[in-house]
Structure formats: C-alpha cells, structure tokens
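We count ligands from 1, going down the list as the structure has it; atoms in each ligand are counted the same way. Just so you know, residue 1 is the first one in the sequence shown, and it goes up from there.
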Amino acid sequence: MNNENSKGIIIIVSGPSASGKGTVVSRALEKADDARIDVQLSVSMTTRGIGKGEVDGETYYYVSKEDFEKNIADNNLVEYNSYAGEYYGTPKDKLDGWLNSGSSVILEIDVNGAKQVLQQYPDAVTVYILPPSFQELEYRLRNRGRDSEEKIKYRLAKGRDEIPEAHWYDYILVNEIIEESADDLLCIIRAEKNSRRHIEYKIDEVLSTYGEENQND
Ligand code: 5GP
C-alpha cells in the first residue's frame, strides 16, 4: 500500500533489552495494513550470534566482524554502535528510497544510534519502550533463555543506565500489554505524519495548484 500524497517519516524505537520492543514493533507491522499505514522495518546488521527463533534477514542481517567493519569503511551504515562487545548498525541502502516513496520506516536501535540518526534526520520521531518494572524486565530476560547469567546482569545494568535517556524521547510507551502498545505505536505514526513539521511542505504544493483562470480576481 502506498500513499503517494505524502513522504514517509522515520520512527526510532528504543528501549532496554527485553522491554518487548521487538514484539511491539512486529505486532504493529502486522496490524499496519488494516490500519492503512504504510510502514517498513529497517533490518539492522549485527555481529552477534543468531538467537532462538530469529531469522537471518528478518531479525537482523548476521555478519562477521570483518564484514561489519568493511560496511563501516564503505560508508554503508546510517549509524552503528557496539553493545556487549558486538556491533549493531542501520544499513543505508533502502532507507531514503522508502521515505521518498511514502513509506514510513521503523528503526529499532539503541539510544546512541538514535542520537546519530537525529543528526542526519532531525525530523525523526523517537519512541521509548519502558518495561513496567525491573522485576518484569529480569523475568522476561530469563524467560527468553538466550543469555548467560553474566549477560543477563549486563543487560539489566545497561537498562538502568539507559532508561534516564527516555526523558528526551518524543513518546514513551509503558509496555504492559503488547496489543495496546502496538496500537499506540501505529497511532503515533498516523498522528506524526499529519503533524505540521512533517506535512508543512504540502501548503506550498497545494497553493501552487491555484489555476491561472483564478488569477484575475
Ligand atoms: P539485542 O542483542 O537484544 O537484539 O540488541 C541489543 C541492543 O542493540 C538493543 O538495545 C537494540 O535496540 C540495539 N540495536 C539493534 N539494532 C541496532 C542498530 O542497528 N543500531 C544500534 N545503534 N543499535 C541497535
């Protein structure tokens, strides 16, 4: 589905590991067609190992450290960061094409990446996904069974350090019920597409259609 009437916007979604941001984003993407919202997910590149239930090319593009560093050198990434000793980055190739064809794009990236994207795309909308509590975050981290005890502790501490950054995000979603958070994310995209900062360019476009036959009044 493509709305040729408007440009797409970038929606940055951040949140601590296991805040459920990935699940919220995938549910929002599933519901986007019915809500008549044209939105794509930017699949990041990472050097970390593939986890249970993850799919190469869908969850991430899984690459070697050498490949990742080549992508940095070739200037193929909009932003990148290292987390827990692994690289994560946003590929450049599809982003502008999607935006120009009217698709909005969700970037699921950390706070550091968000700052880098905002320097290049200052109109990007930022959404922070908060877990209801640290107890819930720890439960979710253990429940997904992907990380060692050491990694779980690291991710929790990283969450504590990162959550204060939510103060400068445009929107904060407390993720208790996935379905509601997914709906809220779609509402944000819809409202932001019509916000003045994203659609003001339309005023001149419409004015330019004032026909010559109307010019002599
Ligand atoms: P995880 O290993 O749990 O999938 O991701 C670890 C962290 O890396 C999360 O905070 C996630 O948002 C972040 N992340 C994932 N992809 C990217 C990316 O492309 N760029 C940046 N800067 N962070 C990313």
inquiry  = Any nitrogen or oxygen of M45, side chain or backbone, less than 3.5 Å from one on ligand 1?
reply    = no

query = Would you say E162 and ligand 1 have an N/O pair spaced under 3.5 Å apart?
reply = no

I'd like to check which ligand 1 atoms, numbered from 1 as shown, lie under 4.0 Å from a non-hydrogen atom of [X].
| X | result |
| --- | --- |
| T90 | 19 (O) |
| S17 | 3 (O) |
| G89 | 18 (C), 19 (O), 20 (N) |
| R48 | 1 (P), 2 (O), 4 (O) |
| G113 | 22 (N) |
| E79 | 18 (C), 19 (O), 20 (N), 21 (C), 22 (N) |

query = Is the CD atom of E30 crowded by more than 12 outside heavy atoms at less than 6.0 Å?
reply = yes

query = More than 12 non-hydrogen atoms from neighbouring residues, nucleotides or ligands closer than 6.0 Å to OH on Y80, yes or no?
reply = no

Examine the proximity of ligand 1 to [X] and report which part, side chain or backbone, both or neither, has a heavy atom under 4.0 Å away.
| X | answer |
| --- | --- |
| E86 | neither |
| R146 | side chain |
| R155 | side chain |

query = Hey, looking at atom 24 (C) of ligand 1, which of Y61, Y88, Y83, Y80 has the closest heavy atom?
reply = Y88

request  = With atom 22 (N) of ligand 1 as the reference point, say which of D110, L141, I109 has the nearest heavy atom.
outcome  = D110

request  = Measure the distances from the heavy atoms of N112 to every atom of ligand 1 and state whether one is below 4.0 angstrom.
outcome  = no

[X] and [Y]: side chain donor to acceptor below 3.5 Å:
| X | Y | value |
| --- | --- | --- |
| D110 | S14 | no |
| D96 | Y121 | yes |
| E69 | Y87 | yes |

Supply the atom-to-atom distance [X] [atom1] to [Y] [atom2], rounded to the nearest 0.5 angstrom.
| X | Y | atom1 | atom2 | value |
| --- | --- | --- | --- | --- |
| T126 | I172 | OG1 | CD1 | 9.0 Å |
| K94 | S103 | NZ | OG | 12.0 Å |
| Q116 | E79 | CD | CD | 5.0 Å |
| T46 | Y88 | OG1 | OH | 4.5 Å |

For [atom], which protein heavy atom lies nearest, and how many Å away is it?
| atom | result |
| --- | --- |
| atom 12 (O) of ligand 1 | K21 CE, 3.2 Å |
| atom 16 (N) of ligand 1 | S44 OG, 3.2 Å |
| atom 4 (O) of ligand 1 | Y60 OH, 2.5 Å |

ask   = Is a salt bridge present between R142 and E149, judged by a nitrogen-to-oxygen distance below 4.0 Å?
value = yes

task = Answer yes when K158 and D147 have at least one side-chain N-carboxylate O distance shorter than 4.0 Å, and no when they do not.
result = no

